[in-house]
There are 2 protein chains.
Amino acid sequence: MWRNGANMSCIINIIPLLMGIIRENQRIARTQKYALTFDKMGVIMNRNDSTCGGSMATIRDVARLANVSVSTVSLAFSQPHRVSESTRLRVQEAVERLEYRPNGTARDLRVRKTNTIGVLLHNLSGPFYSELIRGVEEVADRLGLTTIAAGCSGYEGQGSVRLLHEARVDGAIVLDPSIKSGDLLRYAQESLPIVVLDRPLSRDFQSDYISAVAADHELGGFLAGNHLLDQGFRRFAVIAGPVESEDSRLRHLGFFRALRAADIDTVTIPVIHSDFTELGGMRAMGTLLEQGWTLDAVFVANDEMAIGALQVLEEHHVMVPHDIAVMGFDDIRLARYVTPSLSTIHQPMYELGQAAMKKLEGALNGTSTGGLEILPVTLVPRSSTLALLASEEDRAHGS
Amino acid sequence: MWRNGANMSCIINIIPLLMGIIRENQRIARTQKYALTFDKMGVIMNRNDSTCGGSMATIRDVARLANVSVSTVSLAFSQPHRVSESTRLRVQEAVERLEYRPNGTARDLRVRKTNTIGVLLHNLSGPFYSELIRGVEEVADRLGLTTIAAGCSGYEGQGSVRLLHEARVDGAIVLDPSIKSGDLLRYAQESLPIVVLDRPLSRDFQSDYISAVAADHELGGFLAGNHLLDQGFRRFAVIAGPVESEDSRLRHLGFFRALRAADIDTVTIPVIHSDFTELGGMRAMGTLLEQGWTLDAVFVANDEMAIGALQVLEEHHVMVPHDIAVMGFDDIRLARYVTPSLSTIHQPMYELGQAAMKKLEGALNGTSTGGLEILPVTLVPRSSTLALLASEEDRAHGS
DNA sequence: TCTGTAGATCGAATCGTTGCGACCCCAAAA
DNA sequence: TTTTGGGGTCGCAACGATTCGATCTACAGA
């Protein structure tokens, strides 16, 4: 009969009564349980008081010891002025005796935010990223947010993505081409805004919760071009980054724009695409030399490759900048120290980090500024492109 | 009457009956509810299907849509073979339709571990740490753990310490002198073991849950000393790190041990303590020059300072290694590129990272190896200490 | 027909917090 | 004396997952 849906109505009618009974019953049971564990607490407490450590004390332990309710303890932390002096002191003492530390995980679950933002990098390598992270941290600290960085080295869908996938952070700053845009689109939400630093916002990569900050790569290329022209160079080659790299494309574009403005035919300029690594730069430069081009200067899409190129040139006894000038991009620390020191375009990494974090902040508190922010870059001329040096060498050579 | 504990027994007696009723009832109710929310789901789904996003779906939503219980959904994830084919498929589909993603925070709370380990660094700067983190990540990934790095830049008790204080990680690797040993002692627990890379385990800094990994700094100093002696240098100076730095002290110690073994009086050797920075190295070298010592070689406690020293020497037209040889320590990337290239002691950062993580693993799964592990270092001779070069320069100079 | 067993599923408790609403009590206002 | 009010507390219901033991079903063997 009970199984029969036909007379369900009568059952439903008695539910409130039953519920009441059960409820009351549970209350009694609970009370008993408390009494029980109270005794047990004695043991646990001793354990905690001794140096042995044992498992962590919880807010309930504190409440018990201070003889107040759990809510009061919580209140004592969050709004101390709302609890009486004496209570606050008792809580305080209990906290110390038990070495209580709040459980961040539980809090995060309850308040549904982590107060943590993640910086996802391709690898944490290098002087290059450290400035950026510093910029992020500086802003985040001011906002009371914790910054954690995760590298995405190697494998697919590794650890760092877990931060996004399982909502372990409140927001993220991404600088890692190996994280697919599709994934980012899937992860980005109102509750998890993302700022990308390594890719443009295209038509099919757009969301209210994704914004971008970037250096003005195109301007950088343009500055580089103008600088090389200023120094009197006329016959160029380009060592570009991977074809997929939008950054590299823009640098390339700006460079060509400068050349065209000076009526130089860019069509005949040799371009080699490599992979942004030192080794890649060496290989690219090697190819260029083998092919026997007559060159005044080479524009390399990043410093790493440029340094590789310098090494190859040195091996082939090609004088820089006398025979061929070399221009890099990024202004990594090394650029200043190689011989000859490398002319390059400075990316304001620290400011990029700051800007990214500020954008994230906007998205987090709803006053989103959205879209794309572009920061200017600056030219850093050094020895590797100095015409003056080239002619000095000339003289030395001629004498 | 119900509230009166006196006739509780009678209540208790009827409980099984009531339970049965309630249970059956709930079953019916559930069926209804399912039917009900099923309709609602349509709406919610639309919300989710549209681009608007909305709040995250929970495991309950999935259960509802797949028409199974929450536990079954959970089971379908953790032990797929325990649920029937058809159920698994329904769950799978619901997951996709709702774009369900498990809430890591909730899981962490329930299972009382985060599967995350933290790497706490002084700042994330540099080629120096990146190798280390790579080593850590490589091991951690294999263990299914996520690695997160946090810099401890600036302020007291900043963000990164929150990871430890609020038990947001299962373990930590610390390489940041600014984190006080006392704090580490307080945080280290069975449930949160710590491996330190930047300090020795002394008598008053010891715990079952703290272990250490370090490079053999003393050996490094010894190798450096022997190398300089081999090259024929006899009159030395030392630019050491901060007095607090145990690492610097050991390097210094090893260096002197080598000299003493060669019957060189170490008491008359000038020692300047600086701060491990490039600028500090410049100031220290400047002082040394001002004081007018006659020197063959300077042993500098890290590369950063050594590079500063090189710059000062160049400014003063002191030829390296001809007039004075310079030896660094660490083997940072820059060392290879400065002019002249810097002889140094290579610290196996990658291996240090690996070793630290392996030690942490041991502590995490109870098979703790504990204590201190010391990894060997290697000599990397380059131009800045080459006697051969010195004499070549001699010839060039003489001609 | 009954029992035993294994596979599939479910309910309910639990993890440690937070915060809302309710409560109690005492003093000031009516 | 009765309201009002507010400061100080407390109880309870979440938050979203996991997991243990119980229940249900179906089917094989006795």
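To find a chain, count down the sequence lines: A is the first, B the second, and so on, and within it residues start at 1.
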Would you tell me whether B:Ser191 and B:Arg112 have side-chain atoms, one donor and one acceptor, within less than 3.5 Å of each other?
no
So what does A:Val68 hit on the nucleic acid, given a heavy-atom distance under 4.0 Å: a base, only sugar-phosphate, or nothing?
sugar-phosphate
Rounded distance in Å - CG (B:Asp108) to C1' (D:dT18)
12 Å
How many Å lie between CG on B:Asn67 and P on C:dA8, as a whole number?
18 Å
Atom pair distance, as rounded to whole Å: CG in B:Leu89 and P in C:dA8:
14 Å
A:Arg88 has an atom CZ; how far is it from atom C1' of D:dG8, in whole Å?
12 Å
Do the side chains of A:Glu85 and A:Arg88 get close enough for a salt bridge, i.e. N-O under 4.0 angstrom?
yes
Taking every heavy atom of A:Arg90 against every heavy atom of A:Asn67, the minimum-distance pair comes out as NH2-O, 3.8 Å
Find the distance B:Arg64:CZ to D:dG16:C1' and express it as a whole number of Å.
12 Å
Against the side chain of B:Val83, the closest entry in C:dT18, C:dT9, D:dG16 is C:dT9
N/O (side chain, A:Thr87) to phosphate O (OP1/OP2, D:dT9) under 4.0 Å
yes
Tell me: NZ of B:Lys113 to P of D:dT19, nearest whole Å?
10 Å
Does A:Arg101 reach a base, just sugar-phosphate, or nothing at all? Heavy atoms under 4.0 Å.
sugar-phosphate
Nearest-neighbour nucleotide for the B:Val111 side chain, D:dT9, D:dT18, D:dC15 considered:
D:dT18
Less than 4.5 Å apart, any side-chain heavy atom of A:Asn103 and any of A:Met56?
no
Going by atom types only, do A:Arg168 and B:Thr116 share a side-chain donor-acceptor pair under 3.5 Å?
no
Taking donor-acceptor contacts at under 3.5 Å, does the side chain of A:Ser71 reach the base of D:dG11?
yes
Residue whose closest nucleotide on DNA chain D lies nearer the 5' end, B:Arg82 versus B:Pro102
B:Pro102
Which nucleotide in the set C:dT18, D:dG16, D:dG8 lies at the smallest distance from any side-chain heavy atom of A:Arg112?
D:dG16
Whole-Å distance, A:Leu109 CG to C:dT17 P, equals 12 Å
Measure from the side-chain heavy atoms of A:Ser69 and tell me the nearest of D:dG11, C:dG11, D:dA17.
D:dG11
Over all strands shown, is B:Phe77 touching base, sugar-phosphate only, or nothing at heavy-atom distances under 4.0 angstrom?
nothing
For B:Ser74 and D:dT19, is the shortest distance between a side-chain N/O and OP1 or OP2 below 4.0 Å?
no
Under 3.5 Å, is there any donor-acceptor pair linking the side chain of B:Arg60 to the base of D:dA17?
no
Write down the distance between OH (A:Tyr100) and P (C:dT18), rounded to a whole number of angstrom.
6 Å
Measuring from atom CZ of B:Arg107 to atom CG of B:Asn115, what distance do you get when rounded to the nearest 0.5 angstrom?
8.0 Å
Which of these nucleotides, D:dC10, C:dT17, C:dT9, is closest to any side-chain atom of A:Arg110?
C:dT17
Using a distance-only criterion (donor-acceptor N/O pair, under 3.5 Å, no hydrogens), is the base of D:dT18 paired with the side chain of B:Arg107?
no
What contact category does A:Thr58 fall into here, base, sugar-phosphate, or nothing, at under 4.0 angstrom with non-hydrogen atoms?
sugar-phosphate
Using a 4.0 Å heavy-atom cut-off, does B:Ser78 contact any base of the nucleic acid, only the sugar-phosphate backbone, or nothing at all?
nothing
